[in-house]
Protein chains: 2
Amino acid sequence: MMENSLKKYADAQNCPVRNVLDRFGDKWSTLVLLLLEEVEVLRFNELHKAIETISQKMLAVTLKSLEADGLIIRKQYQEIPPRVEYMLSARGASLMPHIKSLVQWANTNFEAIEQSREAYNR
Amino acid sequence: MMENSLKKYADAQNCPVRNVLDRFGDKWSTLVLLLLEEVEVLRFNELHKAIETISQKMLAVTLKSLEADGLIIRKQYQEIPPRVEYMLSARGASLMPHIKSLVQWANTNFEAIEQSREAYNR
DNA sequence: GTTATTAACTTACTTTTGGTAAGTAAAGAT
DNA sequence: ATCTTTACTTACCAAAAGTAAGTTAATAAC
C-alpha cells in the first residue's frame, strides 16, 4: 500500500525533488538569492557585509554552486583590484516567486513557531 | 543606498526568514513533510524505510524538531512493542502548498540545472 | 623604493553537524 | 530462558561548515 507512493524518494541522485531541494537545503543559498533579487547587482564584499554572519569561504562556495546551477550570473571585470558582480539569471529569477511565498509563510508563522518551540522545551 | 534594504537579514535570531528557513535548510525536514502529506499517517519505521538513506538518529532528530515547531503531531500509543504515529498538523499542512510549488519548480528545472552543472565542471 | 590599500577569493586548521552501528526497554510468543 | 518487535538513544567516526590568516597585483602614499 505504501511502497508505490514512497519509492520515488528513495534515490537521492535521480530524484529531482531531493536533488534540487538539497541545494536550497543549504544554509546560505536562499539568502543570497533573496538579496540579489532585492538589490539586483552585488559584489562579493557587499554580499559579505550584508549577510554578516557568513564566512568568506562559505560565501565563495555558495556563489560557486549557485553559478554552477545557472541561478546567478558572475560578471568579472579585468581590473585591479578585482571587481566581480553577481546578479540573478533568468532561471534564478523564475525561482524567486516560489521562495518568496515560503518567506511569506515564514513571516506569518514566525511567532507561533517560536512559541511552540518554547513550549516544547519545557 | 544598500544599508537600509539589507540590514534586516543581518540578525539570524530575530529574522523570521532566516529563523524559519534555516529549519527547512536541513537535509531531511522537507522530505519528511512531503511523505506525511502524501501518506497522512506514518510510523517511525515506515518513514525510515521510505527514506532509506536517512539514519535512525537523524530521523529521530528531524521528527523532534518538526514536532517542536508544531508542524507535525506525534501520537503515542501505550503498547508494547511501542507504537508511535506521525502526521501533519494544521500548521504543517498550511506550509505544504508553498513547499510543493518549490518541488514543482524543481521538477521542471531539474534537467536544465543538471546540464548547467556539467557544463560548469568542464 | 618600500609599504599600504583594495577586492575577491584560497588555504590550513578547528569546531560543529551528520552518519554508522550497536545498545536499550518491556511485553508477548516460542 | 531466549527471541521478536518498535522506537528510539548512545558512543564513536566522517563530513561539512566556521575561523583566521594568506595570496595576487596594481595603484597610491611615504
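What you see is a predicted model; the values in this text were computed from it and never measured. Numbered from 1 within each chain, the chains take letters A, B, ... in sequence-line order.
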Could you tell me how far apart [X] ([atom1]) and [N] ([atom2]) are, to the nearest whole angstrom?
X        : N       : atom1 : atom2 : value
Leu63(B) : dT9(D)  : CG    : C1'   : 14 Å
Gln78(B) : dT6(D)  : CD    : P     : 17 Å
Arg74(A) : dA8(C)  : CZ    : P     : 9 Å
Ile54(B) : dT17(C) : CD1   : P     : 17 Å
Glu67(B) : dC8(D)  : CD    : P     : 9 Å
Arg83(A) : dT6(C)  : CZ    : P     : 17 Å
Met58(B) : dA14(D) : CE    : C1'   : 13 Å
Gln76(B) : dT6(D)  : CD    : P     : 15 Å

Residues passing the salt bridge (charged side-chain N to carboxylate O under 4.0 Å, His left out) test with Arg83(A), sequence neighbours excluded, are Glu79(A), Glu85(A)
_Tell me whether Met87(B) shares a hydrophobic cluster with Ile51(B), the cluster being built from Ile, Leu, Val, Met, Phe, Trp, Tyr side chains joined at under 4.5 Å._
no
Query raised in the report: Do Leu34(B) and Phe110(B) share a hydrophobic cluster, counting only Ile, Leu, Val, Met, Phe, Trp and Tyr and linking them when any side-chain heavy atoms are less than 4.5 Å apart?
Result: yes
Per [X] side chain, nearest of listed nucleotides [options]:
X        : options                 : result
Val84(A) : dC9(C), dT19(D), dC8(D) : dC9(C)
Gln56(A) : dG22(D), dT9(D), dT6(C) : dG22(D)
Lys64(B) : dC9(C), dT9(D), dA26(D) : dT9(D)

Which of Leu71(B), Leu88(B), Leu66(B), Leu42(B) passes side chain to side chain contact (heavy atoms under 4.5 Å, CB included) with Val32(B)? Answer is Leu66(B)
With five pairs defining each end axis, the helix from dG1(C)-dC30(D) to dT30(C)-dA1(D) comes out bent, to 10°, by 40°
Between [N] and [X], is there an OP1 or OP2 to side-chain N/O distance shorter than 4.0 Å?
X        : N       : answer
Arg43(B) : dA7(D)  : yes
Trp28(A) : dG18(D) : yes
Tyr86(A) : dC9(C)  : yes
Tyr77(A) : dA26(D) : no
Lys49(B) : dT6(D)  : no

- Query: Below 4.5 Å, heavy atoms only, C-beta onward: do Leu63(B) and Tyr86(B) meet side chain to side chain?
  - Reply: yes
Is a side-chain donor-acceptor pair under 3.5 Å present for Arg91(B) with Ser116(A)? yes
Nearest-nucleotide check on DNA chain C, Phe44(A) vs Lys57(B); residue mapping nearer the 5' end is Phe44(A)
Practice task
Would you indicate whether Gln76(B), at its atom CD, is surrounded by more than 12 heavy atoms from other residues, nucleotides or ligands within a distance under 6.0 Å?
Solution key: yes
